Every structure is written in structure tokens, then in C-alpha cells.
Amino acid sequence: QVQLVESGGGLVQPGGSLRLSCVASGRRVDMNNMGWYRQAPGKQRELVAEISVGGATNIAKSVKGRFTISRDDDKNTLYLQMNNLKVEDTAVYYCLMAFRYWGQGTQVTVSS
């Protein structure tokens with residue numbers, strides 16, 4: 001059974017930073033395509049960043065240069081480092097494994 005548990009969300013001021021974590025069990029993060037998605041109120045869920053089995057990354061244009069996706073194979077964990085956060089980054093952030101398994105999400109709120 002695959003389980004993805006996100007953490008690290010919270011309330012931060014504009015310009016601040018957060019690091020999201022997604023701990024996986026049941027399958028390995030380094031053997032599956034992994035991604036971070038987000039959904040703001042009233043909007044569709046959108047891709048933020050993804051990382052392939054080979055380590056290639058794809059970052060959405062809206063966050064490029066501010067967000068970084070990475071994984072720790074020993075900890076079987078996916079990360080999203082978010083710097084210079086903006087109000088428009090406010091959303092629930094979800095971890096996705098193998099284009100199939102979703103985590104429960106973690107809320108990120110950027111507000112002064």
C-alpha cells in the first residue's frame with residue numbers, strides 16, 4: 001500500500017521560505033516519477049515541479065528560480081524548497097507519485 005505524507009506547510013510572510021516534505025512508504029521515490037502540485041481556492045490543481053527517475057527536473061514557469069525539487073533516496077522523501085514566496089503561492093500543496101498516488105496535502109499561506 002502506497003502512502004504519501006506531506007508536511008512543512010504553514011503561514012509565512014511574502015519573501016519568506018518554506019521547505020515541504022513528502023515521506024513515501026510502499027514504493028520508492030527514486031524508482032518513480034514524483035511531483036508537487038498545488039491547488040488554490042477556486043482554481044484547478046496545477047503542476048509546480050516534478051522529478052524523473054533519472055533525476056531530471058521540470059519546474060513551472062511561475063515558480064522557476066524560486067522553487068527547487070529534490071529527493072533523499074535514503075529517507076525515501078521528496079522535498080520542495082520554496083524561497084521568495086509570494087501571496088499568489090498560497091495553496092494546498094500535494095505530492096504525487098507515479099502519476100497515480102496523491103498525498104493528503106499541506107496548506108501554504110503567504111500573507112503579511
Side-chain angles (χ1 to χ4, degrees):
Q1 182 180 355
V2 176
Q3 188 174 19
L4 302 172
V5 180
E6 298 104 330
S7 63
L11 173 64
V12 63
Q13 291 185 341
S17 297
L18 286 174
R19 188 177 79 157
L20 305 185
S21 300
C22 171
V23 179
S25 59
R27 294 181 77 161
R28 294 201 53 79
V29 298
D30 56 334
M31 297 297 290
N32 291 274
N33 288 298
M34 301 293 300
W36 287 100
Y37 287 71
R38 67 186 183 186
Q39 188 166 20
K43 294 188 177 182
Q44 289 190 330
R45 195 171 295 190
E46 63 177 2
L47 172 69
V48 176
E50 58 187 347
I51 183 168
S52 70
V53 171
T57 61
N58 177 39
I59 310 296
K61 190 177 296 185
S62 60
V63 303
K64 190 168 288 186
R66 301 188 295 121
F67 290 13
T68 304
I69 187 171
S70 63
R71 66 183 188 222
D72 185 324
D73 299 345
D74 291 338
K75 295 182 179 179
N76 208 30
T77 299
L78 181 73
Y79 299 102
L80 184 68
Q81 178 67 44
M82 307 186 295
N83 298 328
N84 191 21
L85 282 158
K86 302 178 180 181
V87 172
E88 52 264 40
D89 295 319
T90 295
V92 178
Y93 284 71
Y94 298 91
C95 175
L96 175 66
M97 171 182 275
F99 306 108
R100 177 179 177 183
Y101 304 102
W102 291 96
Q104 84 287 350
T106 186
Q107 176 71 48
V108 172
T109 302
V110 185
S111 175
S112 55

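Reckoned from all heavy atoms, side chains included, excluding hydrogens, waters and symmetry mates. Since this is a predicted model, take the numbers as computed values, not measurements.
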Task: Minimum side-chain heavy-atom gap Met97-Val29 below 4.5 Å - done: yes
TODO: Might you point out which heavy atoms bring Ser111 and Leu11 nearest each other, and give the distance in Å?
DONE: CB-CD1, 4.2 Å
Open item on the list: Let me confirm one number: the CG-OG distance from Asp30 to Ser52, rounded to the nearest 0.5 Å.
Closed with: 11.5 Å
- [ ] Answer yes or no: is there a donor N or O on one side and an acceptor on the other, between the side chain of Thr90 and the main chain of Val110, under 3.5 Å?
- [x] yes
- [ ] Check whether any side-chain heavy atom of Val12 lies under 4.5 Å from a side-chain heavy atom of Thr109, and answer yes or no.
- [x] no
Open item on the list: Under a 3.5 Å distance rule, please check whether Glu6 uses its side chain to pair with a backbone N or O of Thr106 as donor and acceptor.
Closed with: no
- [ ] Indicate if Val92 and Leu47 have the same hydrophobic cluster label, given that clusters are the connected sets of ILVMFWY residues with side-chain heavy-atom separations under 4.5 angstrom.
- [x] yes
TODO: Ignoring hydrogens and angles, tell me if any N or O in the side chain of Asp89 forms a donor-acceptor pair with the backbone of Lys86 under 3.5 Å.
DONE: yes
TODO: Could you check Leu85 against Phe67 for side-chain contact (heavy atoms from CB on, under 4.5 Å), going step by step and ending with a plain yes or no?
DONE: CA-CA 9 Å; Leu85 282 158; Phe67 290 13; 3.7 Å; yes
Open item on the list: On a heavy-atom basis, which atom in Ala91 and which in Ala40 lie closest, and how many Å separate them?
Closed with: CB-N, 3.8 Å
TODO: Report the distance from atom CE of Met31 to atom CG of Asp73, rounding to the nearest 0.5 Å.
DONE: 10.0 Å
Task: Rounded distance [0.5 Å steps], OG in Ser7 versus CD in Gln104 - done: 8.5 Å
Open item on the list: Strictly distance-based, threshold 3.5 Å: is any side-chain N or O of Gln81 a donor or acceptor partner for the main-chain N or O of Ile69?
Closed with: no
Task: Minimum-distance pair of heavy atoms, taken over all atoms of Asn76 and Arg27 - done: ND2-O, 3.1 Å
Open item on the list: Under 3.5 Å, is there a donor on one side chain and an acceptor on the other for Asn84 and Arg66?
Closed with: no
Task: In one Ile/Leu/Val/Met/Phe/Trp/Tyr side-chain cluster, 4.5 Å: Ile51, Val2 - done: yes
- [ ] Give, for atom CG of Leu80 and atom OG of Ser21, the distance between the pair rounded to the nearest 0.5 Å.
- [x] 9.5 Å
Open item on the list: Donor-acceptor check, side chain of Glu46 to backbone of Tyr37, threshold 3.5 angstrom: yes or no?
Closed with: no
Open item on the list: What verdict does the side-chain contact (heavy atoms from CB on, under 4.5 Å) test give for Leu20 and Met82, after you've listed the backbone C-alpha separation in whole Å, the side-chain angles of each residue and the deciding distance to 0.1 Å?
Closed with: CA-CA 8 Å; Leu20 305 185; Met82 307 186 295; 3.7 Å; yes
Open item on the list: I'd like to know if Leu96 and Val63 are part of one continuous hydrophobic network [Ile/Leu/Val/Met/Phe/Trp/Tyr, side-chain heavy atoms within less than 4.5 Å].
Closed with: no
TODO: Would you check if Gln39 and Tyr93 make a side-chain contact, meaning some heavy-atom pair closer than 4.5 Å?
DONE: no
- [ ] Applying side chain to side chain donor-acceptor pair (under 3.5 Å), run through Ser17 and Asn83 and close with a yes or a no.
- [x] CA-CA 4 Å; Ser17 297; Asn83 298 328; 3.0 Å; yes
Task: Candidate pair Trp102 and Arg45, rule side-chain contact (heavy atoms from CB on, under 4.5 Å), full reasoning - done: CA-CA 12 Å; Trp102 291 96; Arg45 195 171 295 190; 3.3 Å; yes
Open item on the list: Closer than 3.5 angstrom, by distance alone: can the side chain of Asn32 be matched with the main-chain N or O of Arg28 as a donor-acceptor pair?
Closed with: yes
- [ ] Find the distance between SG (Cys95) and CE (Met34) and round it off to the nearest 0.5 Å.
- [x] 4.0 Å
TODO: Examine Arg38 relative to Tyr94 and say whether NZ or CZ is less than 6.0 Å from the centre of the six-membered ring and inside a 45° cone about the ring axis.
DONE: no
TODO: Would you mind reporting whether Val23 and Leu4 have side-chain heavy atoms less than 4.5 Å apart?
DONE: no
- [ ] Would you kindly check if the NZ (Lys) or CZ (Arg) of Arg19 is within the cone defined by 45 degrees around the ring axis of Tyr79 and under 6.0 Å from the six-membered ring centre?
- [x] yes
Task: Nearest heavy atoms of Pro14 and Val87, plus distance in Å - done: CG-CG2, 4.1 Å
